[in-house]
K.L.:
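I have a structure I would like to understand better, so I am pasting it below and will then ask my questions one at a time.
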Amino acid sequence: MVVISPFSEGSSSSSSPPDYKYDVFLSFRGLDTRLNFTDHLYKALINSNFTTFLDDADIETGEDLKPELENAIKGSRASIIVLSKNYASSTWCLDELVLILEQHKTSNHVVIPIFYHVEPTDVRKQESSFGDVMAKHKQRMEAKENVEGKSQLARKMEIWKKALIEVANLKGKASQGR
């Protein structure tokens, strides 16, 4: 069981924690969960005194994460990843996921996946909506005429696939019916 508690500002210890700007970074697909599940989760975290990063702006598809998103992930003690039906349709979400998992490996960053109306096995095996979306990414890659662009997207797709497998293998929570 993972327990995350917000640091109180006045606390000090002999092994003081690193300076984090956020307790929790929320990664989610806005179209699926912004106005329902993620909004409620965010409010619950804030009400429990967790400093929580929630990106309020819809982000368009791009090559790299915005620096502020990258800094927010690196400046957080933990990430909650809300894996929903359309999560993998966003290259931003997939890039966030990769960076979150890198932080998990290198800096004790806690990662909590929530499977929101999706099955962990569909994420792991890239089946159902995750398979459909990855097939669309592959079609987009194959349609590229620029050889370097095609190669770069192929490398990213392999990284995304591995990240989806890795996050699905973490102990997470299912939200069906809640």
Side-chain angles (χ1 to χ4, degrees), residues 2 24-42 52-66 69-70 72-74 76 78-106 109-178:
V2 174
V24 179
F25 177 91
L26 288 177
S27 178
F28 63 98
R29 181 69 169 131
L31 294 173
D32 289 348
T33 69
R34 180 181 304 277
L35 299 177
N36 50 52
F37 181 82
T38 300
D39 188 44
H40 295 297
L41 176 60
Y42 176 75
T52 306
F53 180 87
L54 175 77
D55 180 34
D56 289 331
D58 284 323
I59 300 173
E60 298 300 319
T61 301
E63 292 300 314
D64 296 314
L65 286 176
K66 287 166 95 177
L69 286 178
E70 188 173 329
I73 292 168
K74 290 179 178 180
S76 298
S79 289
I80 297 176
I81 304 165
V82 182
L83 295 151
S84 59
K85 181 180 176 184
N86 294 303
Y87 183 88
S89 68
S90 166
T91 58
W92 285 95
C93 287
L94 291 169
D95 287 341
E96 280 180 11
L97 176 63
V98 169
L99 182 57
I100 289 166
L101 292 171
E102 285 173 8
Q103 291 299 112
H104 177 65
K105 290 175 190 168
T106 61
H109 188 89
V110 176
V111 176
I112 303 168
I114 295 177
F115 300 95
Y116 182 78
H117 300 290
V118 298
E119 295 297 322
T121 190
D122 290 340
V123 177
R124 183 180 304 108
K125 295 180 179 180
Q126 280 122 61
E127 296 176 339
S128 194
S129 64
F130 282 80
D132 295 343
V133 165
M134 294 309 283
K136 287 179 184 174
H137 288 313
K138 184 176 181 181
Q139 287 174 343
R140 199 177 90 229
M141 184 238 349
E142 290 171 346
K144 285 198 174 275
E145 294 182 16
N146 176 320
V147 175
E148 178 57 34
K150 186 180 282 192
S151 176
Q152 184 179 17
L153 188 52
R155 284 190 299 275
K156 271 192 156 189
M157 284 187 59
E158 282 306 308
I159 293 168
W160 293 337
K161 287 178 182 182
K162 288 177 184 174
L164 289 168
I165 292 167
E166 186 177 336
V167 75
N169 286 333
L170 294 174
K171 180 143 177 78
K173 299 288 183 190
S175 71
Q176 280 79 336
R178 296 186 202 172

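Predicted model, so just to flag it, every value in this text is computed and none were measured.
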K.L.:
Can you list the residues that meet the salt bridge (charged side-chain N to carboxylate O under 4.0 Å, His left out) rule with Lys162, with sequence neighbours excluded?
P.N.:
none
K.L.:
Within a strict 4.5 Å, meaning less than it, do heavy atoms of the Asp95 and Lys156 side chains meet?
P.N.:
yes
K.L.:
Who are the ring pair (Phe, Tyr, Trp, His ring centres under 6.0 Å) partners of Tyr42, not counting sequence neighbours?
P.N.:
none
K.L.:
Under the side-chain hydrogen bond (donor to acceptor under 3.5 Å, both in side chains) test, which residues partner Ser129, sequence neighbours left out?
P.N.:
none
K.L.:
For Arg155, which residues count as a salt bridge (charged side-chain N to carboxylate O under 4.0 Å, His left out) partner, sequence neighbours excluded?
P.N.:
Glu148
K.L.:
Show me the pairs that pass ring-ring contact (aromatic ring centres under 6.0 Å, His included) and involve residues 132-166, at least two apart or across chains.
P.N.:
His137-Trp160
K.L.:
Holding to side-chain hydrogen bond (donor to acceptor under 3.5 Å, both in side chains), I want the full list of residues that pass it with Gln126, two or more places apart in sequence or in another chain.
P.N.:
none
K.L.:
Apply side chain to side chain contact (heavy atoms under 4.5 Å, CB included) to Lys136 and list each qualifying residue two or more places apart in sequence or on a separate chain.
P.N.:
Gln139
K.L.:
Answer yes or no: is there a side-chain heavy-atom contact under 4.5 Å between Phe28 and Ile80?
P.N.:
no
K.L.:
Just wondering, do Ile159 and Leu94 contact through their side chains at under 4.5 Å, heavy atoms?
P.N.:
no
K.L.:
Taking only residues two or more places apart in sequence or in another chain, which ones pass salt bridge (charged side-chain N to carboxylate O under 4.0 Å, His left out) with Asp132?
P.N.:
none
K.L.:
Quick one: does Glu96's side chain get under 4.5 Å of Phe25's, heavy atoms only?
P.N.:
yes
K.L.:
Please check this pair: side chain of Ser151 against backbone of Val147, looking for a donor-acceptor N/O pair closer than 3.5 Å.
P.N.:
no
K.L.:
Identify each donor-acceptor pair in which a side-chain atom of residues 81-88 lies under 3.5 Å from a protein atom, sequence neighbours left out, and give them as a table.
P.N.:
{"residue": "Ser84", "atom": "OG", "partner": "Asp32", "partner atom": "OD2", "Å": "2.6"}
{"residue": "Asn86", "atom": "ND2", "partner": "Asp32", "partner atom": "OD1", "Å": "2.8"}
{"residue": "Tyr87", "atom": "OH", "partner": "Ser27", "partner atom": "OG", "Å": "2.7"}
{"residue": "Tyr87", "atom": "OH", "partner": "Cys93", "partner atom": "O", "Å": "3.1"}

K.L.:
Taking side-chain hydrogen bond (donor to acceptor under 3.5 Å, both in side chains) as the definition, give me every residue that meets it alongside His109, ordered by chain and number, with sequence neighbours left out.
P.N.:
Ser79
K.L.:
Checking Glu158 now: which residues fulfil salt bridge (charged side-chain N to carboxylate O under 4.0 Å, His left out) with it, not counting sequence neighbours?
P.N.:
Lys161
